[in-house]
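Structure record follows, encoded as structure tokens.
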Amino acid sequence: TGIWKATNAGANWFQVNTGLNALNILAMEVSPSDPDYVYCGTGVGTSTAGIYVTTNGGDSWIQRNSGIVDSAGTQEFVINPNNPAIALVAIWNGTNFTNSINGVYKTTKGGLSWSPSNTGMGANKNVICLTGNPLNPNTIYCGTTFLVPNPPGTGPTYIYKSYDAGNTWSIFSSGLPTGITELNAVRSISVSNLDTSVVLAGI
């Protein structure tokens with residue numbers, strides 16, 4: 001049924017779907033610096049699937065897919081904490097058992113256009129989680145699932161890290177399972193707010 005909003009700490013909810021032509025929402029992120037600026041993304045379905053953006057707290061939504069060639073399967077967003085027009089999105093369509101073409105996209109224009117942001121990643125671009133360093137917007141982590149088709153699928157899964165806001169990535173997976181039969185996705189990554197050298201990954 002799309003997106004619901006509360007203005008009284010969740011006591012009452014109402015729909016905010018104006019302009020939202022695909023209602024199977026998989027991911028949403030509110031800008032840390034402007035709570036009226038929100039990105040959301042859908043699962044697969046129709047031509048109306050993909051990325052939507054609101055700049056008025058959900059009163060109206062605009063579809064913004066320009067530049068994204070992977071089929072919709074929005075996994076997670078990271079929004080620059082100082083500028084809501086800068087964001088990253090991870091897209092992987094796990095329902096059709098194909099690998100992502102680009103995996104991660106970046107916008108500096110509030111979603112008006114997106115560009116691939118995967119330089120340095122290996123063959124596995126099936127990114128399903130993104131997390132930013134809360135004290136340094138240039139440092140971003142992402143985690144993958146395994147390569148498909150499945151079965152049988154091929155591991156391992158990876159954690160990538162960027163020091164330049166997603167422009168380039170390096171593998172930061174030392175100590176994680178490395179076998180080709182390791183089909184355990186990196187589902188979530190969390191960075192400590194107090195000591196950003198402390199990072200946890202849920203696999």
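Keep in mind the model is a prediction, meaning the values are calculated, not measured.
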**Request:** With the side chain counted from C-beta on, respond yes when Pro156 and Pro177 share a heavy-atom pair under 4.5 Å apart, and no when they do not.
**Result:** no
**Fill in**
Contacts of Ile203 meeting side chain to side chain contact (heavy atoms under 4.5 Å, CB included) (sequence neighbours excluded), chain-then-number -> Leu176, Asn184, Val186
**Message:** Quick check on the hydrophobic clustering: are Leu200 and Leu130 connected, directly or via other members, by side-chain heavy-atom contacts under 4.5 Å?
**Reply:** no
**Prompt:** Among all residues two or more places apart in sequence or in another chain, which pass the side chain to side chain contact (heavy atoms under 4.5 Å, CB included) test with Thr42?
**Reply:** Ala22, Asn24, Ile25, Ala49, Tyr52, Ala72
**Request:** Would you kindly confirm whether Ile51 and Ile79 end up in one hydrophobic cluster when ILVMFWY residues are joined by side chain heavy atoms under 4.5 Å apart?
**Result:** yes
**Item:** More than 12 heavy atoms of other groups within 6.0 Å of Lys5 NZ
**Value:** yes
**Item:** CD1-SG distance between Ile189 and Cys142, expressed to the nearest 0.5 angstrom
**Value:** 6.5 Å
**Asked** Are Val198 and Ile159 in one and the same hydrophobic cluster, where Ile, Leu, Val, Met, Phe, Trp and Tyr link if side-chain heavy atoms are under 4.5 Å apart?
**Response** no
**Item:** Interatomic spacing from CG in Asn126 to CG in Asn93 - rounded to 0.5 Å
**Value:** 10.0 Å
**Fill in**
residues 103-126 vs ring pair (Phe, Tyr, Trp, His ring centres under 6.0 Å), sequence neighbours excluded, gives none
**Message:** Main chain of Val16, side chain of Asp59: is a donor-acceptor contact present, judged purely on distance under 3.5 Å?
**Reply:** no
**Message:** Nearest 0.5 angstrom please: Ile140 CD1 to Ser117 OG, how far?
**Reply:** 7.5 Å
**Asked** Which distance, rounded to the nearest 0.5 Å, do you find between the CD of Gln75 and the CG of Asp70?
**Response** 10.5 Å
**Prompt:** Rounded to the nearest 0.5 Å, how far apart are OG1 of Thr145 and CG of Asn99?
**Reply:** 9.5 Å
**Asked** How far does CG of Leu183 sit from CD1 of Ile180, to the nearest 0.5 angstrom?
**Response** 9.5 Å
